[in-house]
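Here the structure is laid out as structure tokens; the discussion comes afterwards.
The structure displayed is predicted, hence computed values, not measured ones. Atoms within a ligand are numbered from 1 in the order they appear, just like the ligands themselves.
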Amino acid sequence: MDLDNFNWEEINKKLKESVRAMKSFWKSLPEQVKRLTVIVIVLIFALIFVRGLLVPADFGKYGHYRASAIDEIISQEINYAGHGICLECHDDIVEKKQSSYHKGVSCEVCHGPAAKHTESPDEVSLRAPRGRGYCPLCHEYLPSRPTGFPQIVSASHNPMKPCITCHNPHDPKPPQTPKECSACHAEIARTKSLSRHIYVPCVRCHEAPVDHKIKPREVLPSKPQTREFCGGCHGEDADSDKGIPRIDLAEHYEHYTCWQCHYPHLPEAP
Ligand code: HEC
Ligand code: HEC
Ligand code: HEC
Ligand code: HEC
Ligand code: HEC
Ligand code: HEC
Ligand code: HEC
Ligand code: HEC
């Protein structure tokens with residue numbers, strides 16, 4: 001490029017013009033946009049500043065983390081051994097537990113961290129939770145636990161004896177198959193026994209195959225599905241006992257299923 005013939009004046013003029021244009025553009029912006037722009041610029045600078053100040057020097061060396069964290073984690077003592085290694089010396093127990101209800105509960109949940117024990121089993125022995133206090137951590141009745149999770153009320157479930165006198169902790173199936181619905185659905189049975197439905201048997205509303213008591217999770221009973229089911233006793237022209245309170249199915253909150261308002265095991269008017 002030939003610098004001598006360059007028209008500096010022309011360029012200067014153009015520059016001034018564009019600065020002026022920018023200024024008037026800025027002025028033409030609405031107030032709130034101006035304020036926002038200032039805030040955004042301040043934030044960007046603050047971010048750059050804080051990053052430089054607070055992010056550790058070795059951040060990002062290998063990836064999106066602090067490189068020296070790896071050494072810190074490696075230097076931590078290992079306490080848990082995992083359940084695979086127990087097989088080497090306790091194969092009988094591992095095998096038994098594998099096909100039991102406790103197959104999903106790891107050995108060290110009950111026996112505590114076992115790394116040292118696996119290295120020198122004769123010097124470091126583990127403790128076993130033999131008292132009644134332990135198992136209820138998972139099995140005490142709590143309304144928020146999922147339906148079907150085996151729960152007991154420990155104050156009334158065979159009190160005075162340790163759980164392990166009747167349940168092998170490595171294969172805890174109950175000693176006998178219970179006959180009554182209340183054996184496994186104790187809370188529902190208790191609730192119903194205080195309700196107006198006390199004399200309506202469970203199987204009047206649930207068709208329960210015999211196998212449900214043997215393989216309760218594989219074979220499920222039925223549950224009522226329609227308003228008409230309840231209407232069979234409570235409908236105005238239902239063919240049922242005279243004492244049963246009646247409602248007009250077509251009128252009584254007709255857009256909802258009954259148990260959106262009446263808990264069937266305690267149906268007293270809400
Ligand atoms: C290298 C072999 C070995 C490995 C691996 C091993 N154990 Fe042991 N364990 C033993 C021996 C031997 C004993 C008996 C020592 C004693 O009576 O104190 C024992 C005893 C126990 C006891 C009995 C405590 C009591 O109160 O009677 C428990 C519980 C136990 N081990 C759990 C485990 C768990 C859980 C694992 C896996 C994380 C495991 N062991 C891995 C060898 C091993
Ligand atoms: C639900 C809790 C629980 C789990 C899970 C559990 N145990 Fe136990 N374990 C116990 C209890 C309680 C005892 C004491 C039993 C007794 O004294 O009759 C025990 C006893 C033992 C014993 C010593 C007595 C015996 O029966 O030989 C060994 C060894 C043992 N457990 C190993 C294991 C291993 C290995 C695993 C994993 C495969 C495991 N346990 C999983 C609760 C548990
Ligand atoms: C970490 C939680 C946990 C602990 C602690 C625990 N369990 Fe369990 N238990 C479970 C799970 C999970 C199941 C399987 C539930 C399922 O199959 O839906 C189960 C199942 C059972 C069952 C089977 C009930 C049935 O459906 O027939 C019994 C009995 C039982 N446990 C007793 C015990 C005893 C006794 C102890 C104490 C030695 C114990 N549990 C400690 C989690 C635990
Ligand atoms: C005297 C023997 C005995 C003792 C002690 C005992 N149980 Fe049971 N357990 C049974 C029998 C029998 C059943 C099955 C019938 C029933 O539910 O009553 C059962 C059932 C269970 C169930 C299954 C409930 C369900 O809804 O499927 C769990 C969980 C349970 N027991 C845990 C425990 C715990 C935890 C302890 C200690 C706090 C304990 N048991 C103490 C005999 C016993
Ligand atoms: C041996 C224990 C046991 C006995 C006895 C038992 N149940 Fe159950 N029942 C269960 C378990 C466990 C579940 C949870 C299944 C699941 O959610 O996976 C269940 C679930 C149910 C459900 C819910 C089904 C669903 O689709 O949600 C109904 C209804 C029911 N049982 C009714 C009954 C009735 C009625 C009886 C008596 C005739 C009875 N059960 C006896 C253990 C038992
Ligand atoms: C008047 C009819 C009726 C009677 C009697 C009855 N149930 Fe139910 N039950 C229902 C209805 C309806 C549902 C479904 C509720 C839902 O879907 O929200 C249900 C749901 C259940 C469930 C699923 C879990 C839950 O709480 O929603 C179980 C388990 C159950 N019933 C067991 C029993 C047992 C055990 C008895 C006897 C002690 C019994 N029922 C008596 C109507 C009844
Ligand atoms: C086998 C007949 C029968 C069936 C089916 C039945 N009920 Fe009932 N219901 C009764 C009886 C009997 C009473 C108690 C009457 C009394 O108080 O003497 C009752 C009481 C009631 C009450 C209490 C009314 C009041 O006075 O507060 C309500 C609400 C109720 N049932 C709702 C339902 C719902 C919802 C269903 C369907 C899940 C249902 N019922 C299924 C027989 C039945
Ligand atoms: C939107 C909530 C709701 C729904 C859905 C509902 N109910 Fe009710 N039910 C109530 C209320 C509130 C009362 C008490 C006031 C009244 O009588 O309206 C009641 C009262 C009752 C009574 C007592 C009547 C009396 O004379 O004592 C019965 C029986 C009854 N309902 C049965 C049913 C049946 C069966 C269904 C399903 C077909 C059902 N309800 C659906 C809210 C509801």
Side-chain angles (χ1 to χ4, degrees), residues 80-115 117-118 121-122 124-140 150 152 161-173 188 191-207 221-270:
Y80 287 90
H83 60 268
I85 195 168
C86 315
L87 182 70
E88 282 177 25
C89 308
H90 300 293
D91 53 340
D92 49 336
I93 292 179
V94 174
E95 266 158 32
K96 181 177 246 178
K97 192 171 83 69
Q98 243 158 23
S99 56
S100 81
Y101 280 116
H102 273 169
K103 59 175 176 287
V105 185
S106 196
C107 313
E108 287 167 299
V109 168
C110 295
H111 291 298
H117 169 74
T118 57
D122 294 321
V124 185
S125 64
L126 293 175
R127 288 194 307 161
R130 294 190 166 88
R132 267 183 79 90
Y134 184 73
C135 315
L137 288 180
C138 291
H139 288 294
E140 189 69 59
I152 47 127
K161 279 192 188 158
C163 316
I164 54 175
T165 45
C166 303
H167 302 285
N168 182 333
H170 307 131
D171 184 11
K173 62 175 178 294
I188 291 178
T191 306
K192 188 171 85 68
S193 71
L194 298 173
S195 84
R196 306 290 278 271
H197 274 168
I198 175 170
Y199 299 120
V200 184
C202 308
V203 290
R204 174 68 176 76
C205 299
H206 301 287
E207 261 173 63
S222 67
K223 287 191 284 191
Q225 300 294 337
T226 59
R227 289 169 56 86
E228 285 66 35
F229 177 84
C230 309
C233 287
H234 291 292
E236 264 176 343
D237 42 353
D239 184 19
S240 57
D241 279 359
K242 291 228 162 51
I244 295 179
R246 307 296 165 132
I247 44 123
D248 183 350
L249 268 190
E251 297 263 311
H252 186 75
Y253 307 103
E254 64 279 13
H255 299 303
Y256 305 91
T257 34
C258 313
W259 42 94
Q260 280 175 284
C261 300
H262 303 283
Y263 182 50
H265 311 129
L266 186 69
E268 279 71 349

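Of all atoms in ligand 8, numbered sequentially from 1 with element shown, those under 4.0 Å from a heavy atom of Thr257 are 5 (C). When each atom of ligand 7 is checked for a heavy atom of Arg204 under 4.0 Å away, the hits are 1 (C). Of all the atoms in ligand 8, the ones that sit under 4.0 Å from a non-hydrogen atom of Cys261 are 1 (C), 2 (C), 3 (C), 4 (C), 5 (C), 42 (C), 43 (C). Within ligand 8, the atoms closer than 4.0 Å to a non-hydrogen atom of Cys230 are 35 (C), numbered from 1 in the order shown. Numbered from 1 in the order shown, with element, the atoms of ligand 7 that lie under 4.0 Å from a heavy atom of Cys258 read 35 (C). Close approach to Tyr256 involves these atoms of ligand 8, each under 4.0 Å from a residue heavy atom: 5 (C). Close approach of ligand 7 to Pro245 is summarised as follows: ligand atoms under 4.0 Å from at least one heavy atom of the residue are 15 (C), 24 (C).
Summarising the geometry of Glu268 relative to Leu194, their closest heavy-atom pair is OE2-O, 4.2 Å, with the distance given to 0.1 Å. Taking both residues in full, the closest heavy atoms of Pro267 and Pro264 are given as CD-O, 4.0 Å, listed atom of the first, atom of the second, then distance. When every heavy atom of His206 is checked against every heavy atom of Pro221, the shortest pair comes out as CB-CB, 4.3 Å. Contact detail for Arg204 and Cys233: the closest heavy-atom pair is NH2-SG, 3.7 Å.
Atom-to-atom distance recorded for Tyr134:OH and Cys163:SG is 11.5 Å, nearest 0.5 angstrom. To the nearest 0.5 Å, atom OG of residue Ser125 and atom NE2 of residue His111 are 11.5 Å apart. One distance of note links NZ of Lys192 with CG of Leu266; it measures 11.5 Å at 0.5 Å rounding.
Metal site remark for atom 8 (Fe) of ligand 8: His252 contributes an N, O or S atom at a distance under 2.8 Å. Because the distance cut-off is set at 2.8 Å, His262 qualifies as a neighbour of atom 8 (Fe) of ligand 8 through one of its N, O or S atoms. For Cys233, every N, O or S atom stays at 2.8 Å or more from atom 8 (Fe) of ligand 7.
Relative ring orientation between His262 and His252 is described as parallel, the plane-to-plane angle staying below 30° on a 0-90° scale split at 30° and 60°. Between His90 and His117, the ring planes are parallel. Angles under 30° get that label, and only those over 60° would be called perpendicular.
With a 4.0 Å heavy-atom cut-off, ligand 8 is reached by the side chain of Leu249 but not by its N, CA, C or O.
Within 6.0 Å of CG on Asp239 lie no more than 12 heavy atoms contributed by other residues, nucleotides or ligands. By the 6.0 Å contact criterion, CD on Glu254 is enclosed, its count of non-hydrogen atoms from other residues, nucleotides or ligands being greater than 12.
Near ligand 2, Cys86, His90, Ile93, Val94, Lys97, His102, Val105, Ser106, Cys107, Cys110, His111, Ala128, Pro129, Arg130, Ile164, Pro169, His170 each place a heavy atom less than 4.0 angstrom from the ligand.
At a 4.0 Å cut-off, not a single heavy atom of Ile244 sits close enough to ligand 8 to count as contact. At least one heavy atom of His234 sits closer than 4.0 Å to an atom of ligand 8.
In this structure, the side chain of His139 engages the main chain of Pro150 through a donor-acceptor pair within 3.5 Å.
The list of salt bridge (charged side-chain N to carboxylate O under 4.0 Å, His left out) pairs with a residue in residues 161-172, not counting sequence neighbours, reads Asp171-Lys173.
Among the atoms of Trp259, none of the N or O lies under 3.5 angstrom from an N or O of ligand 7.
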